[in-house]
Amino acid sequence: MDRALSKRYDPQEVENEWYKVWEKNFSGVSEEINEKRRPYTIVMPPPNVTGRLHMGHALDETVQDVIIRFKRMRGFDVLWLPGTDHSAIATEAKIVAQMREEGISKAQLGREAFLKRAFEWKENYGGQIVSQIKRLGCSCDWSKERFTMDEGCSKAVIEVFVNLYGRGLIYKGERTVNWCPKCKTSISDAEVEYTERDGYLWHINYDVEGGGTLTIATTRPETMLGDTAVAVNGKDERFKNLVGKTAIVPLVNRRVPIIADDHVLMDFGTGVLKVTPAHDPNDFEIGLRHRLPSINVMTQDGKINENGDKYRGLGLMEAREAILKDLEAFGKLAGTKPLKHNVGLCYRCGETIEPMALVQWFVRMKELAKPAIDAVRKKEVEFVPERFEKIYFNWLENIKDWCISRQLWWGHRIPAYYCADCSHMMVAKEPMVSCQRCGSKKIKQDEDTLDTWFSSALWPFSTLGWPEKTKMLDKFFPTQTLVTAYDIIFFWVARMVFMSLDQMKVAPFKYVYIHGLVRDAQGRKMSKSLGNGVDPLSVIERDGADALRMALMIGVSPGSDVKFSDEKVLLARNFTNKIWNAARFILMNVPEELDGELRVNELEIADKWVIGKLNHLIDEVSANLDGFEFGIALQKIYDFTWDVFCDWYIEIAKVKIKTQEPNVRGVLVFVMRNILKLLHPFMPFVTEELWQAFQSDGESIMIQPWSESDRGAMFETEIAEFEKLVLVIRAIRSARAEGKVPQNKKVKVYILTEDEIIKNSGKLIMALGFAESVDFDVCGVKTDEMFATNTGAARIFVLVVDAVDKGKERARLVTMLEKYQKEHEVLEQRLAKKEIWEKAPNVAAKYKVEMEELTRCIANVEESLQQIAEGGGLGDGD
RNA sequence: GGACGAUUAGCUCAGUUGGUAGAGCAUUCGCUUGACGUGCGAAAGGUCAAAGGUUCAAGCCCUUUAUCGUCCACCA
């Protein structure tokens, strides 16, 4: 690396450069099966092709990249396949909006020209999200990039549609569907979001032929224009005699039957229900049961249609006002009650959804859902965290047929063809040119396109070449892990599972890793309307992609939402700088012999400590990553790097470098290299840049073998022993600070201990505790010059001479004594119980040792107090 | 109505098989120490939402409750 390391890490300098290298070197995975390296596949959830990168993407892509980079280093033959989604409604809406500005409508342009324009739009904006994903450092294989509407994916869509239709699993029929008047298309049940609104329950009197009145209750009076019955519960004594008679719908004066149906609740509203089969799913069912006609009163853009008599042309709300006014005028309005009720909204545009009976295409779900439920039950597919399988089950177990037709142009056109002469319908893979029944050449293709999620559901295999039998499919399917947020379990995850099980006879992936949504610092969902979204690209530009990635990954647990805050970015950015400078220190002090062989059997205690800690870290982090515990893994690497390596080992290394101890360089480089590798999945750029400084072969860190712990160098006892030293040194520093000893002043230290390790580590203790001499016996200390402290768990008694604050010693010793005595008591009580010896002898033994230590400490403190009380100095005095 | 999650330091959150509570930020004190002031050392701060239970031992397991959040279902 010829770039001199500056004092501060500058991410901009390195990021673009490295991504170019990676993209060149690591795209184009081989289709051939590698006997030694097992394949590991992730298909990227395709973002909207014309979208912009937001924090949700950033989190999703980062998680995937962490997994992929980890698995790659672990020796898997990885494929992370990227791509984009045509996002039918969202994209078409954007194009239509743009056209509106130019004063052009879809109808004016025509289907063909519209599609031409849409593809041009896609070409222009489709690259944007891709280049933004690249800036995150994602190591996906861009040579395999796919698009849901490319030739192959489209072919897969047609193949599945025709197949399902042939087996009767796709059908065309009239059902109540969710109509969005703004998007002017039907949408599936999953695409409706319910929200509670304050509304009214209006009571309206319907005359009964032959005398009497029935008061119905409704929240949508405008739908009465389409009423074809009035229903009561058959068990309701109040209305029993009216069943079978005829009611008159006010305003339109339609004669409708009064029917009995169990769906009507006696205790809600007035117990009388107006039945509008065309505009309510429940009423539609009632209509089927009672063979009621269905009168549609709405146009596609949410106005009253020709069936609405004099209200024709009014918007629904206008119609409601007008109808209520008229009802009142006719004396038919019996009352108004406020009511909180749920209103369905379009998940794309937020418009109120109008249920409407329409002829649409549906996927029959019951048969497809069952294997998908079983696959998760049998753990062929596992959710991480597991609890999300409940959501999945709940949805699939109560699923209704899936409305897949959309009245849009941007999407996969339904491969159904109609004969203009005999109306014969044909569903076929290839465009039909003549009618199979009458031979007519006048053939028209179905106008509708498919739900975006229909093509997304095939994504894990359509992207690998299916329906062709490709080597890619052979090698990389089924995939291993799918990473996504919980909000699209219904839309996408469940549908991929049942489509794959049905078409491929195998689940599309083994694990579904679910992460949460990214929220702002106040915990609110980031949204355009709130304007609280943080642009990941601005974070990258300011603090680097590594900092962004770390900010998203640190301290998160699977399935829970991530609060994104500047504090986290700062933490992450500071951490990149910390590693950078740790590396800089090593490079400045270890200019040569970078290979620095690590000779384990020549190590001293501090070396063994850091190596041992590293080995434990490697094991833990590897296990955490295998278990999708990214937040924990990253936290552990962070703690080790900062606390263990930088704050302690490098400080010790400074002492060792001065005294020219032979092993220090090897240890520093060895630990640093391992930190870089462990950290690389999370922070690819800075680790790559530094890796290059610690080796000479120029190879990318991406393909380095993952760290393996050395089982022979776990050093448990050394770790425990060294940590006693740490406590002693901390105690000295603490005593100095409490005693207000100026930082630049050295101090005499006396330590009461029988510990051999501590006795033999005077040099280190002196150096790191800013002490000038360390004695291990009590001697020559006047009480008014000393400051005492305990050392926490090790309970070694430390005396620091030359303390300035002379008044506090006694009180401090008393406090210490009380604390020790209390701890002693607690342990004594625990150990008094027989059961602990029987059931957890190792724990009991540990407690016993601690208690003995405490006993010694108490004696020491008491002795000191005694001496103070006698007014003399400790020991010989001088 | 059903399900799930959250409740731990002033704030934001970790805490993986039960063994004497952790981090970052903020606060206080002290440091221009030749890697880093995006830094270093020290300190203060928590009856782990409440009440029961299991256990030698509970933040963690069980039961109930409260508050907040999310999803699903839905009475027009």
Handout entry: Sorted by number, the residues of residues 632-639 of chain A with heavy-atom contact under 4.0 Å to RNA chain B
Key = A/I632, A/Q635, A/K636, A/Y638

Acceptor/donor pairs from residues 637-652 of chain A side chains to any protein atom, 3.5 angstrom cut, sequence neighbours excluded:
| residue | atom | partner | partner atom | Å |
| --- | --- | --- | --- | --- |
| A/D639 | OD1 | A/Q635 | NE2 | 3.3 |
| A/T641 | OG1 | A/I637 | O | 2.6 |
| A/Y649 | OH | A/D607 | OD1 | 2.4 |
| A/E651 | OE1 | A/K654 | NZ | 3.4 |
| A/E651 | OE2 | A/K654 | NZ | 3.1 |

Problem - Stem regions touching RNA chain B, defined by at least 3 consecutive Watson-Crick or wobble G-U pairs below 3.5 angstrom - result: B:1-7 with B:66-72, B:10-13 with B:22-25, B:27-31 with B:39-43, B:49-53 with B:61-65

Problem - Partner residues of A/T195 under the side chain to side chain contact (heavy atoms under 4.5 Å, CB included) criterion, sequence neighbours left out - result: A/R197, A/L345

Atom pairs and distances, donor-acceptor, side-chain atoms in residues 551-564 of chain A, under 3.5 Å, two or more places apart:
| residue | atom | partner | partner atom | Å |
| --- | --- | --- | --- | --- |
| A/S557 | OG | A/S560 | OG | 3.0 |
| A/S560 | OG | A/S557 | O | 2.8 |
| A/D561 | OD1 | A/Y486 | OH | 2.7 |
| A/D561 | OD1 | A/L517 | N | 2.8 |
| A/D561 | OD2 | A/Y486 | OH | 3.1 |
| A/D561 | OD2 | A/R519 | NE | 2.5 |
| A/D561 | OD2 | A/R519 | NH2 | 3.0 |

Handout entry: Residues from residues 214-227 of chain A lying under 4.0 Å of RNA chain B - heavy atoms
Key = A/A217, A/T218, A/T219

Problem - Those residues that, when tested against A/I488, pass side chain to side chain contact (heavy atoms under 4.5 Å, CB included) (two or more places apart) - result: A/W453, A/T484, A/F491, A/W492

Look for any protein N or O under 3.5 Å of an N or O in nucleotides 4-8 of chain B and output each such pair with its distance, or none.
| residue | atom | partner | partner atom | Å |
| --- | --- | --- | --- | --- |
| B/C4 | OP1 | A/K390 | NZ | 2.8 |

Exercise for the section: Classify every nucleotide of nucleotides 39-44 of chain B by which part a protein heavy atom approaches to under 4.0 Å, writing B for the base, S for the sugar-phosphate alone and - for neither, in 5'-to-3' order. Expected result: SSSSS-

Exercise for the section: Name all residues meeting the side chain to side chain contact (heavy atoms under 4.5 Å, CB included) criterion together with A/A260; count only those two or more places apart in sequence or in a different chain, and write none if there are none. Expected result: A/V243

Problem - Test side chain to side chain donor-acceptor pair (under 3.5 Å) applied to A/Y206 - qualifying residues, sequence neighbours left out - result: A/D227

List the atom pairs, with distances to 0.1 Å, where a side-chain N or O of residues 830-844 of chain A and a protein N or O form a donor-acceptor pair under 3.5 Å, not counting sequence neighbours.
| residue | atom | partner | partner atom | Å |
| --- | --- | --- | --- | --- |
| A/R830 | NH1 | A/Y847 | OH | 3.2 |
| A/W837 | NE1 | A/L831 | O | 3.1 |

